[in-house]
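In what follows, every heavy atom counts, from backbone to side chain, and hydrogens, waters and symmetry copies are set aside.
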Amino acid sequence: MIKRQVPITKGIESLFGTRDENIRFFEGALSVTTQLLDSSIEIEGEPERVRQAESVLCEYQALLDEGHKFSNGDVKDFLRVIEQDPKVSLRRLVETSRPRMCGRKSLSPRSVNQMLYFEAMDRCDMVFGIGPAGTGKTYLAVAMAVSDLMAKKVSRIVLARPAVEAGESLGFLPGTLQQKVDPYLRPLYDALYDMLDAERVEKLIEKGTIEIAPLAFMRGRSLNDSFIILDEGQNATAEQMKMFITRLGFGSKAVITGDVTQIDLPAGRRSGLLEAVDVLQGVEGISFAYFNEKDVVRHDLVQRIVRAYDTYERAELEGRG
């Protein structure tokens, strides 16, 4: 066991959080104990853990000195990511989650994989986000699209989804074609309404700046200067997936999201997402971001449900073997 002291200045309050919840989380995540002194924080623990904690605190203080402001929620999210992967630096996390002009939201990654997803969307023209429900695949993609639109990096957003759900057929649903497909596109609307005022979303849709449509409507088009998102990509057929990813025009970026454990295609039809993973590995300019149950950002119960299903499915496969 060793002890180290890290000098601190004003602005350190957010590190401690309400009723010291952040510093307690910091201690638990890094397996150290701390003590606040007059002008420093004393850290005690195993040498490697103390060095890591010291590095985090020094980066935290340096970022404060540079003018960065942390909220209580930011600090806990950052510490949660560092707990998952000690190699991740606080500065890298802060730079990846820099404030983005995405309407009413300023988002930061809540896991290592979310951080890598953000970085991939910044770096590559086509990104596949693959993983279970609740990991932020669609939400973060829409946030990035809104951010790029607000920053005038693109002139429009195109959101698409296969109209395939649990074997249902659109023909049996009541109403006009738009009324039939809207339920399938609702998660995309929900993400937009969370980031922009409803009135603004409606105006952007009316102007065609934001387009939300079934995947089939993408055929024959070339989409320039656009941020294009295909949600629920696991329910695109191989032919539809090839059609979609070849719509990419000049100055555009595409993100394809999907959960390969929830494929609703008829028996005998291979998921276009699974085929794309096999075909496009190693293609320059394309990145694959993978998520797991640790990345679930919904209710804690959802994370436990995903883990239970993964365990069950592995046992089933082993039993068949």
Indicate the atoms forming the closest heavy-atom contact of Leu188 with Thr138, along with that distance.
-> CD2-CG2, 3.8 Å

Side-chain contact, heavy-atom cut-off 4.5 Å: Leu204 with Leu196?
-> yes

Who pairs with Ala145 by side chain to side chain contact (heavy atoms under 4.5 Å, CB included), at least two apart in sequence or on another chain?
-> Ile157, Phe227, Ile229

Only one of Asn235, Leu215, Leu230 passes side-chain contact (heavy atoms from CB on, under 4.5 Å) with Gln240, and that residue is Leu215

Hey, does the side chain of Glu59 reach the backbone of Leu90 with a donor-acceptor pair shorter than 3.5 angstrom?
-> yes

Return the minimal non-hydrogen interatomic distance between Gly258 and Lys137, and the atom names on each side.
-> O-CE, 3.5 Å

Does Arg4 have any salt bridge (Lys or Arg N to Asp or Glu O under 4.0 Å) partners at least two apart in sequence or in another chain, and if so, which?
-> Glu54

Does Glu21 pair with Arg24 as a salt bridge, N-O distance under 4.0 Å?
-> no

With Ala216, which residues qualify under side chain to side chain contact (heavy atoms under 4.5 Å, CB included), at least two apart?
-> none

Please round to the nearest 0.5 Å and tell me the distance separating atom CE of Met195 and atom OG of Ser147.
-> 10.0 Å

When rounded to the nearest 0.5 angstrom, what distance separates CE in Met241 from CE in Met243?
-> 9.5 Å

Are Tyr309 and Thr261 side-chain neighbours, meaning at least one heavy-atom pair lies under 4.5 Å?
-> no

Under the side-chain hydrogen bond (donor to acceptor under 3.5 Å, both in side chains) test, which residues partner Gln262, sequence neighbours left out?
-> Asp259

Residue pairs meeting salt bridge (Lys or Arg N to Asp or Glu O under 4.0 Å), one or both in residues 233-246, sequence neighbours left out, come to Glu239-Arg269

Kindly determine whether Arg247 and Val158 satisfy side chain to side chain contact (heavy atoms under 4.5 Å, CB included), including the steps that lead there.
-> CA-CA 11 Å; Arg247 297 308 93 200; Val158 180; over 6 Å; no

Is there a donor-acceptor pair under 3.5 Å between the side chain of Gln234 and the backbone N or O of Ile130?
-> no

CD on Glu232 to CD1 on Ile263, rounded to 0.5 Å | 11.0 Å

With the 4.5 Å side-chain cut-off for hydrophobic clustering, are Val283 and Leu274 part of the same group?
-> yes

Side chain to side chain contact (heavy atoms under 4.5 Å, CB included) assessment of Leu280 paired with Ile245 = CA-CA 11 Å; Leu280 300 176; Ile245 61 179; 3.8 Å; yes

Verify, without hydrogens or angle tests, whether Asp231 (side chain) and Arg161 (backbone) share a donor-acceptor contact under 3.5 angstrom.
-> no

Considering only heavy atoms from C-beta outward, does the side chain of Ile43 approach that of Leu57 to under 4.5 Å?
-> yes

Identify, with sequence neighbours excluded, every residue that meets side-chain hydrogen bond (donor to acceptor under 3.5 Å, both in side chains) alongside Glu66.
-> Arg91

Identify, with sequence neighbours excluded, every residue that meets salt bridge (Lys or Arg N to Asp or Glu O under 4.0 Å) alongside Arg270.
-> Asp278

How many angstroms lie between NZ in Lys253 and CE in Met121, if you round to the nearest 0.5 Å?
-> 8.5 Å

Closest non-hydrogen atom pair between Tyr117 and Gly129, with its separation | CE1-CA, 3.9 Å

Rounded to the nearest 0.5 angstrom, the CD1-CG distance for Ile205 and Leu159 is 8.5 Å

Counting only N and O atoms by type, is there a donor-acceptor contact under 3.5 Å from the side chain of Tyr139 to the main-chain atoms of Ala191?
-> no

With sequence neighbours left out, what residues match Phe288 under ring-ring contact (aromatic ring centres under 6.0 Å, His included)?
-> Phe128

Who are the ring-ring contact (aromatic ring centres under 6.0 Å, His included) partners of Phe244, not counting sequence neighbours?
-> none

Among residues two or more places apart or on two chains, list those pairs meeting side chain to side chain donor-acceptor pair (under 3.5 Å) that have a residue in residues 279-291.
-> Gln281-Tyr290

Please name the pair of heavy atoms, one in Glu275 and one in Ala238, separated by the smallest distance, quoted to 0.1 Å.
-> OE2-CB, 3.4 Å

In sequence, state the C-alpha distance, the side-chain angles, and the governing distance for Leu192 and Ile212, and then conclude on side chain to side chain contact (heavy atoms under 4.5 Å, CB included).
-> CA-CA 11 Å; Leu192 284 171; Ile212 307 176; 3.7 Å; yes

Side-chain donor/acceptor of Glu27 to backbone N/O of Thr34, under 3.5 Å | yes

Partners of Glu44 by side chain to side chain contact (heavy atoms under 4.5 Å, CB included), sequence neighbours excluded?
-> Met1, Lys3, Thr33

Answer yes if Ile41 and Leu37 sit in the same cluster of Ile, Leu, Val, Met, Phe, Trp and Tyr residues linked by side chain heavy atoms under 4.5 Å apart, and no otherwise.
-> no

Side chains of Glu119 and Asp122: does their closest heavy-atom pair fall under 4.5 Å?
-> no

What are the two closest heavy atoms between Ala141 and Val255, and how far apart are they?
-> CB-CG1, 3.8 Å

Is there a side-chain contact between Thr209 and Lys203, using heavy atoms and a 4.5 Å cut-off?
-> no

Arg156 to Gly208 - nearest heavy-atom pair and separation = CB-O, 4.2 Å

From Thr237 OG1 over to Leu273 CG, what is the distance, rounded to the nearest 0.5 angstrom?
-> 12.0 Å

Which residues pass the side chain to side chain contact (heavy atoms under 4.5 Å, CB included) test with Ser252, sequence neighbours left out?
-> Ser226, Ile228, Leu248

In sequence, state the C-alpha distance, the side-chain angles, and the governing distance for Glu199 and Glu202, and then conclude on side chain to side chain contact (heavy atoms under 4.5 Å, CB included).
-> CA-CA 5 Å; Glu199 185 178 346; Glu202 297 304 327; 5.8 Å; no

